[in-house]
**Student:** 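Could you have a look at this structure, given as structure tokens, before my questions?
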Amino acid sequence: MLHDTGQLQLAESACRDTFRCQADTLGRDHPDTLRSAAGLAAVLEDLRRAPEAEPLQRDVLERRTRLLAPDHPDVLTAANSHAASLLKCGRHKESERALRSLVPRLERRYGPDHERTAAARVDLGAVLVRLNRHPEAETQLRAVIRSFEATVGSHHENAFTARNNLAAVLHAMERYEDAVPVRRDVLAGRVALNGEDHPITVSTRDNLANLLIDVGRHAEAAALLERRVRDYERIYGPGHPRRRSAEEKPAWLRDDTGHSF
């Protein structure tokens with residue numbers, strides 16, 4: 001509940017306590033312990049501490065692979081989580097290799113348009129963006145968006161993630177006027193789904209601000225950046241590097257443009 005409502009520092013404490021107690025009493029291989037480890041890793045990733053999360057995700061994957069069949073749903077879930085963690089750590093080539101191996105396994109188990117298969121393909125699209133393979137990423141993501149719209153609907157979080165990644169591709173290709181309405185649509189959808197103050201909404205608002213800077217809509221971008229400082233202090237705490245960095249961006253925008261917003 002703490003994680004789902006964006007109370008990440010409290011969620012980390014609760015997840016860490018639970019994981020330690022279960023590891024001590026049930027053992028590291030117990031399914032409940034593995035779920036707690038994966039939950040703790042997910043919170044750490046949302047706290048932008050992916051290098052701490054990746055070893056946890058890798059350990060969960062290795063233990064589940066040893067204990068279960070290769071294409072057991074829990075193994076496939078762990079493989080997807082670890083590949084996503086590699087992406088968040090910036091280990092893009094490793095993440096691409098993991099996802100290229102995982103997607104066919106998911107297709108065999110669930111089918112090409114299943115939610116889990118499509119989610120892995122979204123991550124693959126995000127990797128391709130980081131590797132500057134933009135046309136390939138755009139093709140991948142547009143196909144995934146069609147799958148999500150046909151299965152879970154356009155207002156599902158996975159559909160928002162796919163469209164958010166598509167906007168990143170369009171932004172990177174300098175197709176700014178195509179990217180802006182996609183970013184706005186994703187932000188509106190996530191506000192409706194998660195609320196104004198949820199970390200994923202905050203992240204989406206940041207993406208829109210960065211895009212608006214490149215488009216030249218500086219006044220709107222500045223308002224979003226000022227809000228980011230307050231959001232980051234609430235989510236990460238006053239001393240977090242992301243909070244300190246957030247303070248610098250509005251000042252940079254004022255200095256760079258010569259305007260007072």
Side-chain angles (χ1 to χ4, degrees), residues 41-42 44-58 60-62 76-108 112-148 157-183 185-187 190 199-200 203-215 241-242 245 249:
L44 291 171
E45 287 170 358
D46 283 350
L47 283 165
R48 298 298 194 269
R49 288 157 57 190
E52 294 178 56
E54 186 275 330
L56 278 171
Q57 299 281 27
R58 184 176 65 249
V60 171
L61 173 59
E62 290 172 352
L76 296 175
T77 297
N80 198 9
S81 296
H82 183 241
S85 191
L86 291 170
L87 169 62
K88 291 167 186 172
C89 287
R91 294 159 61 179
H92 301 139
K93 285 289 188 180
E94 293 176 73
S95 183
E96 183 190 7
R97 286 194 296 271
L99 289 164
R100 294 282 187 194
S101 170
L102 176 62
V103 167
R105 294 163 62 196
L106 291 167
E107 289 177 340
R108 288 194 300 270
D113 292 325
H114 190 275
E115 180 181 347
R116 290 192 177 192
T117 308
R121 290 167 61 202
V122 168
D123 287 341
L124 179 57
V127 170
L128 294 172
V129 174
R130 305 301 196 283
L131 294 171
N132 295 318
R133 289 153 60 183
H134 300 135
E136 188 180 354
E138 181 181 4
T139 299
Q140 178 83 225
L141 290 166
R142 288 193 184 279
V144 171
I145 290 167
R146 289 193 294 271
S147 292
F148 278 137
E157 174 53 41
N158 287 343
F160 291 138
T161 299
R163 293 207 294 277
N164 190 59
N165 288 349
L166 174 62
V169 175
L170 298 172
H171 189 174
M173 296 171 76
E174 300 185 359
R175 291 162 55 185
Y176 301 133
E177 296 303 329
D178 292 334
V180 168
V182 180
R183 289 283 195 213
D185 176 68
V186 173
L187 178 57
R190 282 180 163 161
I200 199 165
S203 176
T204 307
R205 195 179 292 121
D206 291 352
N207 291 336
L208 177 59
N210 291 329
L211 176 57
L212 291 172
I213 291 171
D214 287 341
V215 175
R242 286 179 66 84
S245 176
K249 195 68 174 282

**Student:** Over all heavy atoms of both residues, which pair between Gln57 and Ala42 is shortest? Give the atoms and the distance, please.
**Tutor:** NE2-N, 4.3 Å
**Student:** About how many Å separate CG of Leu208 and CD1 of Ile213, when rounded to the nearest 0.5 Å?
**Tutor:** 10.0 Å
**Student:** Is there a side-chain contact between Arg130 and Leu87 (heavy atoms, below 4.5 Å)?
**Tutor:** yes
**Student:** Between Thr77 and Arg116, is a side chain to side chain donor-acceptor pair (under 3.5 Å) present by the stated rule, with each step listed?
**Tutor:** CA-CA 8 Å; Thr77 297; Arg116 290 192 177 192; 3.0 Å; yes
**Student:** Look up atom CZ in Arg175 and atom CE in Met173, then write down how far apart they are to the nearest 0.5 Å.
**Tutor:** 5.0 Å
**Student:** Residues two or more places apart in sequence or in another chain: which of them pass ring pair (Phe, Tyr, Trp, His ring centres under 6.0 Å) with His92?
**Tutor:** none
**Student:** Between Val122 and Phe148, is any pair of side-chain heavy atoms under 4.5 Å apart?
**Tutor:** yes
**Student:** Would you say Leu124 and Gln140 make side-chain contact, with heavy atoms under 4.5 Å?
**Tutor:** yes
**Student:** Is any side-chain heavy atom of His171 less than 4.5 Å from a side-chain heavy atom of Asn207?
**Tutor:** no
**Student:** So how far is it from Asp113 CG to Glu107 CD, rounded to the nearest 0.5 Å?
**Tutor:** 9.0 Å
**Student:** Which heavy atom of Ala118 sits nearest to which heavy atom of Val144, and what is that distance?
**Tutor:** O-CG1, 3.5 Å
**Student:** With a 4.5 Å cut-off on side-chain heavy atoms, are Thr204 and Arg183 touching?
**Tutor:** no
**Student:** Just verifying a value: how many Å separate Leu141 CG and Leu128 CG, rounded to the nearest 0.5 Å?
**Tutor:** 8.0 Å
**Student:** Enter the distance from Arg190:CZ to Ser203:OG here, rounded to the nearest 0.5 Å.
**Tutor:** 7.0 Å
**Student:** Counting C-beta onward and ignoring hydrogens, is there a side-chain heavy-atom pair between Leu131 and Lys93 closer than 4.5 Å?
**Tutor:** yes
**Student:** Measure the spacing between CD of Glu54 and CG of Leu61 and express it to the nearest 0.5 Å.
**Tutor:** 10.0 Å
**Student:** Is there a donor-acceptor pair closer than 3.5 Å between any side-chain N or O of Arg121 and the backbone N or O of Pro112?
**Tutor:** yes
**Student:** Taking C-beta and beyond as the side chain, do Leu106 and Leu76 meet within less than 4.5 Å on heavy atoms?
**Tutor:** yes
**Student:** Can you tell if the side chain of Ser95 reaches within under 4.5 Å of the side chain of Val127, non-hydrogen atoms only?
**Tutor:** yes
**Student:** Quick check against the 3.5 Å criterion: does Thr161 have a side-chain atom that pairs as donor or acceptor with the backbone of Glu157?
**Tutor:** yes
